[in-house]
Amino acid sequence: MKNSRQSVGLQTCATQLLSLKTSLLLGMACLSLVGHTSDTTQVQPPIPTDPVTKQSHAVMGQRDPVNKLPETIQAKLAQANIPTDSLSMVVQPLTDNPQNAASTAPQTPLFSYNADVPRIPASTQKLIPTYVALDSLGKDFVWQTKLYQHGFVWKGTLYGDVIVQGSGDPKLENERLYQLLAMIKAQGIKQVQGNLIIDNQQFQGVDFDVNAFDGKGLRPYNAQPNALLTNFGTVEVDLVPIAKPNATPVVKPNTSSVTQPTTTSASTDIDNPAANLEQIQSKPSINPKDVAAYQVILKPALANFTMPTTLKASQAPCNSNQDDWIGTLTSTGLSFHQTASAFCGEQKRYLTFPDGDVLVKQQIIADWQKILPNFTGNIEFANPAVPYMQQAKAIPQALPWYIRLYLKYFGKPLTPKLVGYVASNPLHEQIKDINQHSNNVMTEQIALSLPLYADKQRISTYPKTFAYIHQWWQQKLPQAQPPVMTRASGLCRDCRVAPNSMLALLTLAYHSPNFTVYRDSLGVAGESGTIKALKLRQPNNPAIGHAWIKTGTLDNVTSMAGYVQGKSGKWYAVVGMINADNVKNNSNAKAVLDEMLAWTALQ
């Protein structure tokens, strides 16, 4: 019976299909009459989850429902001669009351273009770990680098060890480390019969080849993180002119009104020419023809490190190329392969030290020799297999017999005793340093601190760090595609963030009690941070003074993300990313993103 009904149905259908009056829709209806179950809609392949594959998939047609650009931005894109599928951009209005939890529903974007395509974000990625830290730890969180004595003090002598324990502080200056070590003398300790233990085991497996990213290992943006990081993992090399006898003095210019770079410039992002001052060059205070040589000064002082104290001067033109310097830095010394030009004047360079552990050890040895010149013990790293912080120390045999007897029967266990600590700047100041100056190694420090202080783990690694960020993302932004990160700072070519995901983060931050702190960590367009140069590029851009922006630049990336307040007073979240070959050297590429800011500021 069923076969008969199908045969009749097929004949009817064939007749109808032969008729010129039959429509395609009727033919499909006839097929349904005979029990045909196939859907005529083409089956779509699954959207890939791999970031690179997903990007290609999106570019080839699976784009946003609203995939358009304002005409002014289209014109800038055409002028830059950048393929349209290399750009992702989205501008979304934000509610008038950021603290109203009921108003956190996503708003309709003013425009959205390839906004679901995962892109290499460069340093705009710093917006992610800095906000995750702000949300997880609180704006007033501080790191504490601590000093312990582990033993018994008798008549000014510590019979035992001194322990300096790192905390991951992103901005521990050389001077504060010295102050911490000097606290041992405040305990009345004049001698130590034991060792000095360096405990930087809180971060593990985080070192890397500083030349691996771009072969420019001396550049501060390539510095390694370390649980006991000092001076951003760099050393300062100063070249100070030495005058010939009877030299004619030159009046040194008044630089009191010139804003000097802060110490954060010692470790900066590749995209920040203003802050990336590895060489700070002043006008010569001595006539170049009267410069005989240069005094070479290294900060901080390092033990077991060789370097010349003077360097001959030449009358050759000054070469200001940052990547063609006259010096070579290794873990054991500083050397020069040519003379220094007298026309360069006084110079200051921040150079990444090749090995973070060697740097902190050699610095502590040099400092400790100043504090306790008669120290004869070893200075060594903590053994991760020995839980010394929970372990009681054996009664030192060098103590008098009656003291040993007392300690054996009446004394308390000789566990480490806190001598003192130095506290970091609060987190809100740290993230401002990061986002204003695009400091890479500080970003790594903050991200690696999350497993320690937010997740209460004893050891932090990169896998634990990115697992924590992923878990946080799934809890806070479950509808947004999580970022793919291999380095927290964005100094990575395999990192991916979709602009819509960045937009979701910015929206979440806007509705947070910490919004003002987060927004103020960003550079103000034309006025501060890495976006200060907008005023030089476009002096009349309406976004100047009205946009809070994080920028990003790699050889094949230029990007911006943050907040803009339009002329109406309304707030907007903006994200723009261009991934194209050699876009860093395309002078018109950044104008595309500048136009995004200008267009939004006029709303």
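Between Tyr462 and Phe466, the two ring planes are parallel [angle under 30°; tilted spans 30° to 60°].
The two residues Ala227 and Gln202 have their closest heavy-atom pair at CB-OE1, 3.4 Å. Taking all atoms of both residues into account, the shortest heavy-atom contact from Thr530 to His437 is CG2-C, 4.4 Å.
Two rings, from Trp473 and Tyr468, have their centers 6.0 Å or more apart. Between Phe515 and Tyr563, the gap from one ring centroid to the other is short of 6.0 Å.
Comment: Asp520 does not engage Lys432 in a salt bridge, judged by the lack of any side-chain N to carboxylate O separation of less than 4.0 angstrom.
Put simply, the side chain of Thr443 gets close to the backbone of Asn439: a donor and an acceptor are under 3.5 Å apart. Side-chain atoms of Asn114 do not come within 3.5 Å of backbone N or O of Met89 as any donor-acceptor pair.
Legend: residues meeting side chain to side chain donor-acceptor pair (under 3.5 Å) with Ser88, ordered by chain and number and at least two apart, are Arg119.
Using a 3.5 Å distance cut-off with no hydrogens or angles, the side chains of Asn222 and Asp214 do pair a donor with an acceptor. Inspection of the Asp135 and Asn514 side chains reveals no N or O donor paired with an N or O acceptor under 3.5 Å.
Residues Met307 and Ser335 have side chains not in contact (no heavy-atom distance under 4.5 Å, counting atoms from C-beta outward). Considering only heavy atoms from C-beta on, Phe141 stays 4.5 Å or farther from Gln430 through its side chain. The shortest side-chain heavy-atom distance between Gln204 and Ser460 does not fall under the 4.5 Å cut-off. Contact annotation: the side chain of Trp143 approaches that of Ile446 to within less than 4.5 Å [non-hydrogen atoms, C-beta and beyond]. Residues Ile549 and Val524 form no side-chain contact, since every pair of their non-hydrogen atoms from C-beta on lies 4.5 Å or further apart. Side-chain atoms of Glu236 and Leu298, non-hydrogen and from C-beta on, never get closer than 4.5 Å to each other.
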Hey, can you pull the donor-acceptor pairs under 3.5 Å for the side chains in residues 327-334, sequence neighbours left out?
{"residue": "Thr330", "atom": "OG1", "partner": "Thr332", "partner atom": "N", "Å": "3.3"}
{"residue": "Thr330", "atom": "OG1", "partner": "Thr332", "partner atom": "OG1", "Å": "3.3"}
{"residue": "Thr330", "atom": "OG1", "partner": "Gly333", "partner atom": "N", "Å": "3.2"}
{"residue": "Thr330", "atom": "OG1", "partner": "Gly333", "partner atom": "O", "Å": "3.3"}

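Cation-pi contact between Arg519 and Tyr510: absent, since separation from the ring centre below 6.0 Å together with deviation from the ring axis within 45° is not met.
Each side chain to side chain donor-acceptor pair (under 3.5 Å) pair with one or both residues in residues 71-82, not counting sequence neighbours, appears once here: Thr72-Glu595.
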